[in-house]
Structures are given as structure tokens and as C-alpha cells.
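To start, the structure under review is shown below, and the notes come after it.
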Amino acid sequence: MRPISLPTVVNCLEEALGPAVIVGQDVQASPPAIQVPAERIAEVCQVLHAHETIYLDYLACITAIDNGPAAATMEVIYNLYSIPYDTSLMIKVMVPRTEEPLPIVPTVSTIWQAARWHEREAYDLVGIQFAGHPDLRRILLPADWQGHPLRQDYQPPAQYHGIDTN
């Protein structure tokens, strides 16, 4: 079996979901990357997981990035892999950087169970909510921790329950 090309992935998604589903692509990225609207990530992933000639059956990682107050955006990056086709794909979604309410992206945990942990980490550290997640709560920090420490403007508290944090 041959690895699937980025044009094949793009054509598949555009046939299934329409041309507006891809808002950007980067063939030079490693792995090749597409950008989709945040509100469409779950349906894009469902097509890529279910399609018999693409079959991205493994969610390797979900990462969230704060692009900072000046850029006023955040990103969620999905690294997917097809075991039978030996193909990797990166999917990016961009959301506005907000404090209250936190940015919201649909969950993909109904497609890949591993997303439950990855989405909780992105929520905990960067402050992106995943709509439809079955158990979205902090995973690395205590439940009563204030803020999201991987945001660029995060200021840690001087103390936590009487313990110096500096």
C-alpha cells in the first residue's frame, strides 16, 4: 500500500463536505497539513477516519498553542496517522483568543478515545474547551487551580493553599 497524498485527502474532504471545508494547506509541513474551520473539525475527522482509502485510524496527539495577545488567536493541532497506509496528516484549527468565555472547539473523542486525555490537557494548560467532551476537567493541575499556565500572559499565583509557588 502507498501513502496517501495531500491532494487525495483534500479531494476526499471537498467531495464529502464541500470546498469551504479546507481553509488552508501546507504541503511543505512535516507531516503535510490542512487547516479547517474549528466548528467543522469533528465532521472532518469523522470523514478521514471512516474513508476506506484514507483511514486515519490513530490519533497521535492534540496540541494547543496560544499565539499571544497581539495575534489574538489560539490553535489546536491534530496529528493523525493511518497504520495500514503509513500516512500522517496534521490538521490545524484557529480560534479567537478569549478569556471569558474560553474558546470552544468540538470534541473528537467520539472518533478516537485517546482524544479524551489530549483534549483535557489542552483545556487544562491552554484554556480551550471541547464541546461535547464527556469529562472535561483538569488533568495535570488541581481542580481549583486558577488560570491556564501555557497562555503567554499567564501569571502564576504567589501561593497555592499556603505553599509558595515561586
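A search for side chain to side chain donor-acceptor pair (under 3.5 Å) contacts involving S5 returns T8, not counting sequence neighbours. Under the salt bridge (Lys or Arg N to Asp or Glu O under 4.0 Å) criterion, R116 pairs with no residue, sequence neighbours left out. Residues passing the side chain to side chain donor-acceptor pair (under 3.5 Å) test with D144, sequence neighbours excluded: Y160, H161. Considering only residues two or more places apart in sequence or on other chains, T110 meets the side chain to side chain contact (heavy atoms under 4.5 Å, CB included) condition with none of them. Here D153 pairs with R97 under the salt bridge (Lys or Arg N to Asp or Glu O under 4.0 Å) rule; sequence neighbours left out. In this structure D57 satisfies the side chain to side chain donor-acceptor pair (under 3.5 Å) test with no other residue, sequence neighbours excluded. Qualifying side chain to side chain donor-acceptor pair (under 3.5 Å) partners for Y58, counting only residues two or more places apart in sequence or in other chains: none.
Note that the OH atom of Y81 and the CG atom of L89 stand 13.0 Å from one another [nearest 0.5 Å]. Expressed to the nearest 0.5 Å, how far CG of L56 lies from CD1 of I91 amounts to 7.0 Å. Note: L80 CG to W112 CH2 = 4.5 Å, rounded to the nearest 0.5 Å. Atom CD of E99 is separated from atom NE2 of H148 by 8.0 Å, given to the nearest 0.5 angstrom.
Although no hydrogens or angles enter the test, the distance criterion places no donor-acceptor pair under 3.5 Å between the side chain of N79 and the main chain of A60. Put simply, the side chain of H51 gets close to the backbone of T53: a donor and an acceptor are under 3.5 Å apart. Side-chain N or O atoms of T63 include none that pairs as donor or acceptor with a backbone N or O of I77 at under 3.5 Å.
Pairing each heavy atom of T87 with each of I4, the nearest pair is OG1-N, 2.8 Å. Between P106 and Y78 the shortest heavy-atom distance is O-OH, 4.3 Å. Scanning both residues, R151 and T98, for their nearest heavy atoms gives NH2-O, 2.9 Å. Nearest heavy-atom pair across V95 and A38 is CG1-CB, 3.7 Å. Taking both residues in full, the closest heavy atoms of E75 and N67 are given as OE2-ND2, 3.0 Å, listed atom of the first, atom of the second, then distance.
Transitive grouping of hydrophobic side chains (ILVMFWY, heavy atoms separated by less than 4.5 Å) keeps I104 and M74 in distinct clusters. Placement of V105 and V23 in two distinct hydrophobic clusters is found when ILVMFWY residues are connected by side-chain heavy-atom separations under 4.5 Å, directly or transitively. Hydrophobic clustering keeps I65 apart from M94 (ILVMFWY residues linked when any side-chain heavy atoms are closer than 4.5 Å, directly or through intermediates).
Applying the ring-ring contact (aromatic ring centres under 6.0 Å, His included) rule to pairs touching residues 12-38 yields nothing, sequence neighbours excluded.
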Result block: side-chain N/O donor-acceptor pairs under 3.5 angstrom for residues 26-35, not counting sequence neighbours:
residue	atom	partner	partner atom	Å
D26	OD1	Q28	N	2.9
D26	OD1	A29	N	3.2

Show the atom names and distances, to 0.1 Å, of all donor-acceptor pairs under 3.5 Å that link a side chain in residues 40-50 to residues at least two apart or in another chain.
residue	atom	partner	partner atom	Å
R40	NE	E43	OE2	2.7
R40	NH2	L17	O	3.1

Determine all donor-acceptor pairs shorter than 3.5 Å in which one atom belongs to a side chain in residues 117-132; sequence neighbours excluded.
residue	atom	partner	partner atom	Å
E119	OE1	T107	OG1	2.5
E119	OE2	T107	OG1	3.2
E119	OE2	V108	N	2.8
R120	NE	R137	O	3.1
R120	NH2	R138	O	2.9
D124	OD1	R138	NH1	2.4
D124	OD2	I139	N	3.2
D124	OD2	L140	N	2.7
D124	OD2	L141	N	2.9

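For the pair I54/S82, no side-chain contact is recorded, criterion being any heavy-atom separation below 4.5 Å from C-beta on.
For CD of Q146, the number of neighbouring non-hydrogen atoms (other residues, nucleotides, ligands) closer than 6.0 Å is 12 at most.
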